[in-house]
Protein chains: 2
Amino acid sequence: MFDSLQPMSPRSSQITFPDRAAQDRRGLDHIAGKPLVTFRSGQKIYVAGDETGPVYRVAYGLVRIYRILSDGRRQIYAFHLPGDVFGLETEAEHQFFADAITKTGLQVLRPGAGDDLQQFLAIALKLLNQAQNHLLALGRQDAVGRVRAFLVEMAERQQSSGDGVLMLPMTRTDIGDYLGLTLETVSRVLSKLKKTGVVRQVSPHRLDILRWDILRADYD
Amino acid sequence: MFDSLQPMSPRSSQITFPDRAAQDRRGLDHIAGKPLVTFRSGQKIYVAGDETGPVYRVAYGLVRIYRILSDGRRQIYAFHLPGDVFGLETEAEHQFFADAITKTGLQVLRPGAGDDLQQFLAIALKLLNQAQNHLLALGRQDAVGRVRAFLVEMAERQQSSGDGVLMLPMTRTDIGDYLGLTLETVSRVLSKLKKTGVVRQVSPHRLDILRWDILRADYD
DNA sequence: CGACATCTTGATAGCTTTCAACTCGGGTGG
DNA sequence: CCACCCGAGTTGAAAGCTATCAAGATGTCG
């Protein structure tokens, strides 16, 4: 699974996020400089049932965290972008699946002495916050509201507030499995946003956001 | 807001949960014995915008944690039962509302020196776990599945697995706002479960669970 | 450049919400 | 002690939204 310990260049023909790691080195900065583990597009990082191991930090690429039910339904809990930390779980075995959506490089953070506590708490609270926002979207928003919330979330995390360029390397199915919708509904909502001039679609995986005011409307 | 520092008896004409605190004194045991702050049914504990203060532990009663959107829609994130700890947030101001559903007694835990870190991390990860399960129900289950998941969750947390007696002091509206459903849909699903012999309804707020196997079916 | 996965769009079915009327239960006051 | 009252719960009918099924268009990658 660990193909290479050599850091790979973020440059590739695939769509990637800008590497925010450089600006985002707050809590776990001191481990910077370690070699990266790299994953190809679609490759699994860990699966439910695996022994819980290290914690990872995304250097470049995109990771999805999810569960699969017995009937095949899938719920995606998070997309992790450069700078994000994931893999922290309570149990001895992973409860989730994690895999790379695009070519991805990860820093491996082996939980150390125990002065990581402060950082882990911060990470856990951040994940909790995101889960709670996610919950609000799934519980109290219709399809359009969920997609708008998703676009705003991804855009802010990519800090594309400036230029309005939003990269969405994940598939429509991924987005649907994150939002509790079908891929068709996601596609229809995006078409509607396109038709109403809220976004412009450069390609299926690249949007330009034209009307932040409309996207953001309705948040309490 | 702090009506009384005198512990009140859990005995009352209202429906209450059995006090699990005695068996649940793991992490924060050392603060036991402190006086309780009590709240009447429906009384607010804190509101969004309040300065983040102490952390609370439920001694008896039932607490709901929620947000309200500008149009009045409400999302309930958690019901807290005896033994649960809540009130831990990242920001300086509360992002949520908390109020007592039944008459409730709380232990006030003022974050201390900093060796609470381990415990806070455990609490945060537990809340994260619950949020993730909640997310799965909202994202990938229909109305019947959500209500079943809710009944199983509440029954397990009340440890009524033995006798199958399940107290639901919250209203149908509360349940709906937790599950992303309307109160009517919640009522209809409960009626269906009653008709199919899965539960027996002693009163609107007390169910006897007859068929655990059916309630639990379909969880991965 | 070609093949295959992904995406888009349309039509229909199914589920949940909405609106409405009625019932039930607990609490209050006569 | 009982009748009344009002909030909460139940049930019904119709509208609205999303899923499903299906076909065609577009992109991507080898």
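Note that the structure is a prediction, hence the values are computed from the model and not measured. In what follows, chains carry the letters A, B, and so on, assigned in the order in which the sequence lines appear, proteins first and then strands, with residues in each chain numbered from 1.
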Minimum heavy-atom distance between Pro82(A) and Ala59(A), given as atom pair plus value: CB-O, 3.6 Å
Plane angle bin for Tyr178(A) and His134(A) - parallel if under 30°, tilted between 30 and 60°, otherwise perpendicular: parallel
Ala143(B), nearest nucleotide to its side chain (from dA19(D), dT9(C), dT16(C)): dT16(C)
Closest non-hydrogen atom pair, Arg146(B) against Gln141(B): NE-O, 2.9 Å
Interatomic distance where CG belongs to Leu183(A) and P belongs to dT20(D) [whole Å]: 10 Å
Residue Pro204(A), side-chain heavy atoms: nucleotide from dG27(D), dG9(D), dT18(C) that is nearest: dG27(D)
Minimum-distance nucleotide (side-chain atoms of Glu184(B) versus dT16(C), dT20(D), dT18(C)): dT18(C)
Sugar-phosphate only, base, or nothing, as touched by Gly180(B) at under 4.0 Å among non-hydrogen atoms: sugar-phosphate
Length of the NZ-C1' vector between Lys194(A) and dT26(D), whole Å: 11 Å
Nearest-angstrom distance from the residue atom CD of Gln141(B) to P of dT16(C): 12 Å
Nearest-angstrom distance from the residue atom CG of Leu168(B) to P of dG9(D): 10 Å
Check against salt bridge (Lys or Arg N to Asp or Glu O under 4.0 Å), Asp84(B) and Arg157(B): CA-CA 10 Å; Asp84(B) 292 344; Arg157(B) 290 172 62 195; 2.7 Å; yes
Spacing between Leu138(A) atom CG and dT18(D) atom P, to the nearest angstrom: 13 Å
Presence of donor-acceptor pair under 3.5 Å, side chain of Arg188(A) and base of dG10(C): yes
Listed nucleotide nearest any side-chain atom of His205(A), set dT28(D), dC7(C), dA19(D): dC7(C)
Whole angstrom value for the distance that separates C1' of dT9(C) from NZ of Lys192(A): 14 Å
Which residue lies more 5' along DNA chain D, comparing Thr185(A) with Gln201(B) via nearest heavy atoms: Gln201(B)
Given dA19(D), dC7(C), dT17(C), the nucleotide with the shortest approach to the side chain of Leu181(A): dA19(D)
Nucleotide nearest Thr171(B) (side chain, heavy atoms from C-beta), chosen from dT18(D), dG9(D), dG12(D): dG9(D)
Minimum-distance pair of heavy atoms, taken over all atoms of Leu106(A) and Thr104(A): CD2-CG2, 3.7 Å
Closest nucleotide among dT11(D), dT9(C), dC7(C) to the Arg172(A) side chain: dC7(C)
Whole-Å gap separating C1' (dA19(D)) and CG (Asp142(A)): 15 Å
Sugar-phosphate, base or nothing in reach of Thr182(A), heavy atoms under 4.0 Å: base
side-chain N/O Ser191(B) vs dT11(D) OP1/OP2, d < 4.0 Å: yes
Rounded interatomic separation in angstrom, taking CZ from Arg206(A) and P from dT28(D): 12 Å
